[in-house]
Enquirer: 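Just dropping this structure here.
Lettering of chains follows the sequences in order, A, B, ..., and the numbering in each one begins at 1.
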Amino acid sequence: MTKINICLMSILILCALGVVTSQHEARKLFATLESEHEMTHQLEVEWGKLQLQQSMQVTHGMIESAAREQLNMGMPAETRMHTVMPTYFVGLTDAEGLFIP
Amino acid sequence: MIYQPATYLNLPAWRSRVLLALILLGLLGLAGRAVYLQGVNRDFLQKEGKSRYSHIVEMGASRGMITDRHGEVLAISTPVASVYADPKLVTASTEQLAKLATLLKMDLPEIEKQVSNPARRFVYLKRRVLPSVAESVAKLNVPGIFLDSEYQRFYPAGEMTAHILGFTNIDDQGQEGIELAWQDTLMGTLGSRRVIKDRKGQIVENIENISAPRQGEDLVLALDSGIQYLAHRELKHAVKANKAAAGSVVVLDAQTGEVLALSNFPTYNPNRRSSFTPEGIRNRAIVASFEPGSTLKPFSVAIALELGVVNSDTLIQTAPGTLKIGRRTIRDVKNKGVLTVAQVIQESSNVGTAKIALSLPPETMWKMFNRSGFGALTGVRFPGEISGVLHPYNKWGVIEQATMSYGHGISVNLLQLARAYTLFTAEGELQPVSLLKRNSSVMGQKVISKETAKAMSEMLEMAVKPGGTAPLAQVKGYRVAGKTGTAHKPVPGGYAKNKYIASFVGYAPASDPRLIIAVMIDEPSAGKYFAGLVAAPVFSKVMAGALRILNVPHDAPANNVVSFPTVTGFEVGG
């Protein structure tokens with residue numbers, strides 16, 4: 001009789017230890033999950049900040065003034081512009097015999 | 001010594017009974033207490049116990065961002081640090097507080113006063129400081145001084161997109177513009193969940209999600225930042241050059257009605273509260289109305305064309321350049337003699353338009369204006385939108401009908417006016433306008449026939465050529481159509497002699513319209529006031545740039561604008 005009791009008792013103790021261990025593991029994993037969530041949130045916040053930084057660096061006004069003042073760019077004069085109209089004739093070849101679609 | 005056991009103690013009997021009774025009483029007391037704790041006070045005690053380890057934690061939700069149609073960020077929320085103190089825990093020396101004061105740009109006595117009361121556990125020292133300042137404050141490591149993070153809204157495009165976007169208040173609630181109109185979509189909802197925390201305050205286990213957070217949705221506007229920048233720059237330049245009181249520009253997609261650009265001047269910087277002024281905040285293109293003047297003439301004539309009352313070549317006698325109706329006289333700039341209907345539009349004759357309009361019953365004209373969207377909201381859901389004034393036709397006398405035909409006695413806002421021109425760009429169908437990007441095609445309402453729209457479009461093209469009122473609206477390489485309007489501003493008792501609103505509405509390319517641009521300059525005071533000189537050049541520059549941005553193929557040779565001749569044949573609304 002006592003042998004069975006001792007057996008059951010030890011099984012009970014083993015189960016209890018098992019519960020404690022798994023609960024501990026679960027909590028450790030949960031803590032890791034929480035810190036990952038927190039990191040996700042931080043990264044999202046940082047992405048937002050970077051987007052904001054980027055938009056404030058490249059406003060249209062700044063690009064225009066940088067182009068005009070630092071790079072000395074401007075619209076080319078009329079005489080330097082040549083408009084190329086699309087050709088709509090099918091099956092035509094040009095002087096070199098190349099097919100113009 | 002003989003050990004003599006006591007056989008019985010010679011104590012009075014009551015002593016032991018009293019003792020027994022006392023012990024029983026004690027036990028009863030304990031039992032009673034146990035019953036009380038377990039039975040009566042059970043809920044309270046359980047709750048207290050639970051609150052030691054189980055907490056409700058808020059799950060944050062950030063406000064959605066607003067972008068233009070290409071994804072460029074126009075409004076975004078980002079956490080910024082706020083410096084707060086827990087006076088009970090502040091044990092800083094005066095020099096540390098002095099350093100803090102210089103960092104925060106506050107006075108030392110003020111900070112000392114804030115942290116002096118140990119009964120308060122939380123007091124803001126400075127809200128929403130720059131990240132660099134926050135970093136320095138953290139480095140100082142003053143005990144009792146902490147950083148809290150709050151969300152703040154930023155508008156990278158600043159004053160350029162200010163009127164459409166609006167702004168939020170300190171609690172991140174939209175106050176004006178799109179921030180207000182789409183407040184529910186943009187604002188997220190906070191969620192909460194129940195968790196177990198351990199002794200250190202760390203979250204150990206998730207018990208339940210009470211409510212899931214809903215992140216604020218991002219909004220994609222129909223705006224094109226490049227075109228918006230162009231429109232804003234040219235408008236600003238024109239308002240300053242003409243010493244005008246104000247101005248507005250609207251650029252619409254001629255086929256879908258999306259608002260590609262909308263700009264007003266004066267404007268404000270939504271990133272700086274201090275730049276807000278009552279005139280600067282108004283989105284005049286939508287919340288202010290004006291008498292459009294001659295830009296309304298195409299509609300009066302179009303309905304006459306549609307009903308077959310006239311056609312493009314019908315001759316109208318406008319001599320002697322005046323038309324007397326009752327006590328009022330309608331005047332043209334000069335006597336233009338006999339004009340075709342096309343020339344009435346090209347040279348913008350008030351007399352001619354009035355004569356055409358008077359041949360129609362008032363109800364017909366009213367229906368035309370009503371169906372073109374005047375006198376009603378455009379449906380863009382912009383807060384504060386004004387619907388303009390279109391008087392019911394049973395209140396019209398002859399003079400009212402006549403003056404309304406050339407745009408006086410009726411008031412519209414610039415967005416309505418721009419939208420109405422979709423009649424001529426979308427084959428007679430009025431397109432709905434939208435501030436948000438459209439992902440599917442929309443149905444327009446048929447107002448006039450395709451043929452009438454085409455006929456009117458040809459007349460409007462003539463108005464932009466030499467001989468018309470707006471040769472300065474021409475664009476190299478594209479066929480342009482449009483109409484000027486130079487209207488006296490109404491003042492109590494009549495019209496102001498020297499105050500005008502110069503407007504121009506046009507579209508290009510005329511062969512296959514892609515963009516409608518409407519320009520309005522309020523009170524040009526630098527000498528020139530004719531719309532052909534004040535508003536048309538703005539149209540030309542913005543249209544040229546916008547068509548290039550959108551890569552629209554040319555439909556006219558590059559030398560279609562021979563020169564900018566001196567403009568003749570102006571009209572002014574009478």
Side-chain angles (χ1 to χ4, degrees), chain A residues 19-69 73-89 100-101, chain B residues 57 59-60 62-63 65 67-68 71-80 131 149 151-161 195-198 200 202-206 215 224-233 236 271 476-478 544-545 548-549 553-561:
Chain A
V19 167
V20 169
T21 320
S22 8
Q23 182 76 316
H24 182 63
E25 286 299 310
R27 292 213 171 163
K28 280 210 300 205
L29 283 173
F30 188 84
T32 328
L33 180 64
E34 276 296 302
S35 63
E36 292 295 323
H37 273 310
E38 184 59 32
M39 199 154 75
T40 314
H41 181 65
Q42 291 297 338
L43 288 172
E44 278 175 2
V45 162
E46 195 178 332
W47 182 75
K49 276 195 178 143
L50 289 171
Q51 268 206 319
L52 174 62
Q53 262 188 340
Q54 184 203 30
S55 345
M56 296 199 97
Q57 304 279 8
V58 289
T59 58
H60 290 271
M62 289 166 84
I63 294 178
E64 188 182 9
S65 46
R68 282 191 202 275
E69 287 150 33
M73 294 173 81
M75 278 295 284
E78 304 285 306
T79 48
R80 300 182 61 184
M81 288 209 285
H82 179 69
T83 310
V84 179
M85 299 289 281
T87 48
Y88 291 112
F89 304 106
I100 304 174
Chain B
V57 168
M59 296 196 281
S62 56
R63 195 175 175 82
M65 72 178 177
T67 66
D68 82 340
E72 279 187 44
V73 174
L74 297 178
I76 188 167
S77 290
T78 203
V80 289
S149 84
Y151 274 95
Q152 180 159 357
R153 201 81 166 146
F154 285 98
Y155 302 96
E159 64 169 38
M160 192 176 94
T161 48
V195 297
I196 297 181
K197 282 190 176 174
D198 68 5
K200 296 197 198 114
Q202 286 177 332
I203 296 177
V204 171
E205 189 174 321
N206 220 5
Q215 298 298 328
D224 182 318
S225 289
I227 302 181
Q228 176 75 16
Y229 172 70
L230 191 59
H232 186 72
R233 186 189 73 189
K236 212 166 152 181
N271 292 313
K476 280 199 173 34
Y478 297 97
R548 188 170 44 241
I549 288 175
H554 292 268
D555 66 344
N559 56 2
N560 65 331
V561 177

Enquirer: Where do A:His60 and B:Ser225 come nearest, in terms of heavy atoms and distance?
Expert: NE2-CB, 3.2 Å

Enquirer: Quick one: list whatever passes side-chain contact (heavy atoms from CB on, under 4.5 Å) with B:Ser77, sequence neighbours left out.
Expert: B:Arg63, B:Tyr151, B:Arg153, B:Asp172

Enquirer: Give the minimum heavy-atom separation between A:Leu52 and B:Pro156, together with the two atoms involved.
Expert: CD1-CG, 4.0 Å

Enquirer: Can you tell me if CD on A:Gln54 sees more than 12 non-hydrogen neighbours from other groups inside 6.0 Å?
Expert: no

Enquirer: Considering only heavy atoms, which portion of A:Met75 lies under 4.5 Å from any heavy atom of chain B: side chain, backbone, both, or neither?
Expert: side chain

Enquirer: Within this structure, what is the CZ-CD distance for the pair B:Phe154 and A:Gln53, rounded to the nearest 0.5 Å?
Expert: 10.5 Å

Enquirer: Against chain B, work out which of A:Lys49, A:Lys28, A:His41 has the most heavy-atom pairs shorter than 4.5 Å and name it.
Expert: A:Lys49

Enquirer: If you define the side chain from C-beta out and look only at heavy atoms, does anything of B:Asn271 sit under 4.5 Å from A:Met56?
Expert: yes

Enquirer: Counting only heavy atoms not in A:Gln42, do more than 12 sit closer than 6.0 Å to its CD atom?
Expert: yes

Enquirer: Write down the atom of A:Ser55, the atom of B:Val73, and the distance for their closest heavy-atom approach.
Expert: OG-CB, 3.7 Å

Enquirer: Which heavy-atom pair separates A:Gly48 from B:Ile76 by the least distance, and what is that distance?
Expert: O-CD1, 3.6 Å

